[in-house]
Undergrad: 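Structure below; questions to follow.
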Amino acid sequence: MGTLATFARVYVSDLEPALGLFTDAGAPEPRLRFSHASGLELALVGDVLVLAGPEEVLAGFRETQVTSVVDDLDVALDRARGLGAEVLRGPAAQETGRNATVRMPFGAVVEYVEWSAEVRARLGV
């Protein structure tokens, strides 16, 4: 299993103003935008994944500290379980591929994502 990218997560109530602040501060335009089944809107800006939505929806995601894009989700989950991680959500199909969220034995909550071939090709990964 290889890690292709890792993204910090930022939680906001409204995506458009947040993206404006990022780009006004010199960040690149979002290279990926998509929706989540929960109603969240997401955008990838540099090495930051911005999650936007109402607080009642965001509350279920705030505990996750980082998103790690891997080339094989099943292998990543097997390795995490082998380290004593607890799977909190998933694996589940998403607009960009598949994902799962785990709590590591040291307490960190990590989302693993396996991008679809289409997303990987679009982003050059």
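We use all heavy atoms of the structure for the numbers below, so side chains are in, but hydrogens, waters and symmetry mates are not.
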Undergrad: Is Val48 isolated, or which residues cluster with it under the ILVMFWY side-chain rule of less than 4.5 Å, directly or via members?
TA: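 The other cluster members (ILVMFWY side chains, heavy atoms under 4.5 Å, direct or chained) are Val10, Val12, Leu15, Leu19, Phe22, Val45, Val50.
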Undergrad: If only atom types and distance count, is the side chain of Tyr11 paired as donor or acceptor with the main-chain N or O of Phe61 below 3.5 Å?
TA: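 Here the side-chain-to-backbone pair exists.
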Undergrad: Measure the OG1-OH distance between Thr6 and Tyr112 for me, rounded to the nearest 0.5 Å.
TA: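 It comes to 9.0 Å.
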Undergrad: Where do Val70 and Leu4 land on the side-chain contact (heavy atoms from CB on, under 4.5 Å) test, with the steps shown first?
TA: CA-CA 5 Å; Val70 296; Leu4 305 176; over 6 Å; no
Undergrad: Please report the closest heavy-atom contact between Ser38 and His36, naming both atoms and the distance.
TA: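 For Ser38 and His36, the tightest heavy-atom pair comes out as OG-ND1, 2.8 Å.
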Undergrad: Would Val69 and Leu42 show up in the same hydrophobic cluster when neighbours are defined by side-chain heavy atoms closer than 4.5 Å?
TA: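 Yes; tracing contacts between hydrophobic side chains, which count when under 4.5 Å, links both residues.
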Undergrad: Under 3.5 Å, is there a donor-acceptor pair between the side chain of Asp14 and the main chain of Pro17?
TA: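 Judged by distance alone, no pair lies under 3.5 Å.
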Undergrad: Given side-chain contact (heavy atoms from CB on, under 4.5 Å), test Val87 with Thr101 step by step and report yes or no.
TA: CA-CA 6 Å; Val87 177; Thr101 303; over 6 Å; no
Undergrad: Are Leu77 and Leu88 linked, directly or through intermediate hydrophobic residues, by side-chain heavy-atom contacts shorter than 4.5 Å (ILVMFWY only)?
TA: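 No, it is not one cluster - the side chains of Leu88 and Leu77 are not joined through contacts under 4.5 Å.
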Undergrad: Would you call Arg81 and Glu86 a salt bridge, using N to O less than 4.0 angstrom?
TA: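 Salt bridge between Arg81 and Glu86, a charged N being under 4.0 Å from a carboxylate O: no.
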Undergrad: Show your working on side-chain contact (heavy atoms from CB on, under 4.5 Å) between Thr64 and Arg89 and close with a plain yes or no.
TA: CA-CA 11 Å; Thr64 305; Arg89 280 191 298 274; 3.8 Å; yes
Undergrad: Are the side chains of Glu63 and Arg103 in touch, meaning some heavy atoms are under 4.5 Å apart?
TA: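 Side-chain contact under 4.5 Å: yes.
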Undergrad: Are Met104 and Val109 in one and the same hydrophobic cluster, where Ile, Leu, Val, Met, Phe, Trp and Tyr link if side-chain heavy atoms are under 4.5 Å apart?
TA: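 Different clusters: Met104 never reaches Val109 through Ile, Leu, Val, Met, Phe, Trp or Tyr contacts under 4.5 Å.
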Undergrad: With side-chain contact (heavy atoms from CB on, under 4.5 Å) as the criterion, how do Val113 and Leu73 come out once you've worked through the C-alpha distance, each side chain's angles and the decisive distance to 0.1 Å?
TA: CA-CA 7 Å; Val113 175; Leu73 181 61; over 6 Å; no
Undergrad: Side-chain heavy atoms nearer than 4.5 Å, only ILVMFWY residues, links allowed to pass through others: does that put Leu49 and Trp115 together?
TA: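 The answer is yes; both residues are in one hydrophobic cluster.
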Undergrad: Does Glu56 have more than 12 heavy atoms from other residues, nucleotides or ligands lying within 6.0 Å of its CD?
TA: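 Yes - once you tally the heavy atoms of other residues, nucleotides and ligands closer than 6.0 Å, there are more than 12.
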Undergrad: Which heavy atom of Leu58 sits nearest to which heavy atom of Leu51, and what is that distance?
TA: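 That closest heavy-atom pairing would be CD2-O, 3.8 Å.
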Undergrad: Compare every heavy atom of Val110 with every heavy atom of Ser68, then report the nearest pair and how far apart it is.
TA: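 Result for this residue pair: CB-CG1, 4.3 Å.
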Undergrad: Does a side-chain N-to-carboxylate-O contact under 4.0 Å join Arg120 and Glu114?
TA: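 Between Glu114 and Arg120 there is no salt bridge, as every charged N stays at least 4.0 Å from the carboxylate O atoms.
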Undergrad: For Thr67 and Glu111, does a side-chain donor sit closer than 3.5 Å to a side-chain acceptor?
TA: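 On atom types as modelled, these side chains qualify, holding a pair under 3.5 Å.
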Undergrad: Where do Thr23 and Glu29 come nearest, in terms of heavy atoms and distance?
TA: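 For Thr23 and Glu29, the tightest heavy-atom pair comes out as CG2-OE2, 3.6 Å.
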Undergrad: Which pair of non-hydrogen atoms, one from Pro105 and one from Leu83, has the smallest distance, and what is that distance?
TA: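 Reported closest heavy-atom pair: CG-O, 3.0 Å.
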Undergrad: Show your working on salt bridge (charged side-chain N to carboxylate O under 4.0 Å, His left out) between Arg33 and Glu95 and close with a plain yes or no.
TA: CA-CA 10 Å; Arg33 290 182 72 157; Glu95 184 176 324; over 6 Å; no
Undergrad: Quick one: does any side-chain atom of Asp47 pair with a main-chain N or O of Phe7 as donor and acceptor, under 3.5 Å?
TA: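 Flag not set: sc Asp47 to bb Phe7 has no pair under 3.5 Å.
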Undergrad: Might you work through the side chain to side chain donor-acceptor pair (under 3.5 Å) test for Glu41 and Ser35, ending with a clear yes or no?
TA: CA-CA 5 Å; Glu41 295 294 319; Ser35 300; 2.9 Å; yes
Undergrad: Minimum heavy-atom separation for Gly46 and Arg31, please, with both atom names.
TA: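 Closest pair (atom of Gly46, atom of Arg31, distance): O-NH2, 3.6 Å.
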